[in-house]
There are 2 protein chains.
Amino acid sequence: MTATRSTRQRDVISRVLTDAEGPLGVAEVLRRAQADLPGLGIATVYRTLKLLTEQRRIHPVALDGETLYEASGRGHHHHFSCNRCTRVFTLHSCPLSLPAGGMYPGGFVVEAHEVTLYGLCPACAAQDS
Amino acid sequence: MTATRSTRQRDVISRVLTDAEGPLGVAEVLRRAQADLPGLGIATVYRTLKLLTEQRRIHPVALDGETLYEASGRGHHHHFSCNRCTRVFTLHSCPLSLPAGGMYPGGFVVEAHEVTLYGLCPACAAQDS
DNA sequence: ATACGTGCAAAAAATTTGCAATACT
DNA sequence: AGTATTGCAAATTTTTTGCACGTAT
């Protein structure tokens with residue numbers, strides 16, 4: 001049988017995503033994980049992100065043409081992408097109002113949705129005084 | 001001064017996106033454009049998509065990890081991605097209700113937004129009888 | 001006629017894979 | 001001990017760039 005082992009690399013990469021303030025890209029995951037595992041290779045990051053995704057422990061988020069990853073099980077939420085500092089934040093409220101029953105005009109059956117807001121994050125907005 | 005010329009390549013690529021039923025990826029743009037311009041190179045597609053994007057004549061859409069492009073000026077709309085047939089549809093209504101003034105709880109200044117619904121398109125939903 | 005634009009091929013960047021050494025169980 | 005996993009480097013993509021030739025103005 002296919003045994004999936006627990007390794008230091010997987011633990012660290014998992015924790016990096018769990019501790020993150022929002023979804024992270026491959027390069028950022030590598031950078032943060034290397035704080036604990038200096039020798040970590042990029043190939044392991046790719047392989048681990050794929051594995052964790054298959055296990056549904058994390059999931060990919062397509063944003064600004066890049067694929068970011070975030071830990072699963074954080075409940076329903078959406079993202080805010082800052083046009084100035086490019087950081088991505090997690091929003092815990094949902095601004096969407098869908099028809100009850102999950103049926104959208106035109107006959108589309110809605111099973112899930114994704115919302116991304118773009119603009120200025122609190123810090124960048126403050127700079128405009 | 002920087003003169004931007006009108007060329008057969010640019011015209012065809014523009015038209016491909018204007019005629020498309022939804023946003024298209026680079027490979028699909030090349031494929032469709034080559035119907036009119038057999039010798040068209042992929043480099044020209046990349047360069048033209050970048051140019052048209054800078055001119056705001058088209059814009060990128062991050063969807064399922066791929067960057068797709070669609071013609072601008074079609075009014076406010078969103079996308080529906082079918083989980084079964086994977087086609088992407090354009091939705092002309094907006095299910096979002098944002099706070100007036102563009103200020104989102106937490107101090108985020110919202111300038112734009114993107115919504116993607118996932119589920120079954122009318123055709124695929126019908127198959128479930 | 002003057003350059004901007006194109007296609008091709010080379011270059012650079014991003015992602016995947018093969019393999020011997022390493023580390024879980 | 002046995003084998004899944006890792007790091008490195010090589011192999012694949014994917015996207016960008018240099019250049020001589022073609023073409024719009």
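A note on names: the letters A, B, ... follow the listed sequences, proteins ahead of strands, and every chain is numbered from 1.
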| request: Using a cut-off of strictly less than 4.0 Å, decide whether B/T7 has a side-chain nitrogen or oxygen near OP1 or OP2 of D/dT23. | output: no
| remark: Per atom distances to the B/R10 side chain, the nearest of C/dC4, C/dG5, C/dG7 is C/dG5
| note | Here the distance between atom P of C/dT6 and atom CG of B/L37, to the nearest Å, is 10 Å
| request: Under the salt bridge (Lys or Arg N to Asp or Glu O under 4.0 Å) rule, what do A/R15 and A/D36 come out as? Steps first, then yes or no, please. | output: CA-CA 11 Å; A/R15 193 168 44 59; A/D36 283 321; 2.7 Å; yes
| task | Side-chain contact test, heavy atoms from C-beta onward, threshold under 4.5 Å: evaluate it for A/T4 versus A/R10 and give yes or no. | result | yes
| field | Any side-chain donor near an acceptor of the partner, B/S72 and B/H59, under 3.5 Å | value | yes
| said: Counting neighbours of CZ on B/R56 that are heavy atoms of other residues, nucleotides or ligands and sit closer than 6.0 Å, is the number greater than 12? | reply: no
| task | Grab the CG-P distance between B/D11 and D/dT23 for me, whole Å please. | result | 15 Å
| field | B/F89/A/F108 aromatic ring centres below 6.0 Å | value | yes
| Candidate nucleotides D/dT5, D/dA4, C/dT25, ranked by approach to the side chain of A/S6 - the nearest | C/dT25
| message | Need to verify one output field. Residue with the more 5' nearest nucleotide on DNA chain D, A/T44 or B/R5? | response | A/T44
| query | Got a second to check how far A/L17's CG is from A/Y69's OH, nearest 0.5 Å? | reply | 10.0 Å
| Between the side chains of A/E70 and A/H79, does any donor sit under 3.5 Å from an acceptor? | yes
| task | Please report, rounded to the nearest Å, how far the P atom of D/dT5 is from the CD atom of A/E54. | result | 11 Å
| field | Axis bend over the full length of the helix from C/dA1-D/dT25 to C/dT25-D/dA1, computed from five pairs that close each end, to 10 degrees | value | 40°
| request: Consider only side-chain N and O atoms of A/H78 and B/H113, and report whether a donor and an acceptor are under 3.5 Å apart. | output: no
| task | Would you mind building the protein contact string for nucleotides 8-21 of chain D? One character per nucleotide, 5' to 3', B for base within reach (heavy atoms under 4.0 Å), S for sugar-phosphate only, - for untouched. | result | B-----SSBBB---
| query | Do B/E28 and B/R87 sit within salt-bridge range, that is, some charged N less than 4.0 Å from a carboxylate O? | reply | no
| query | Could you state the CD-P distance from B/Q9 to D/dG22, rounded to the nearest angstrom? | reply | 14 Å
| remark: When rounded to whole Å, the CD to C1' distance for the pair A/Q55 and D/dA4 reads 13 Å
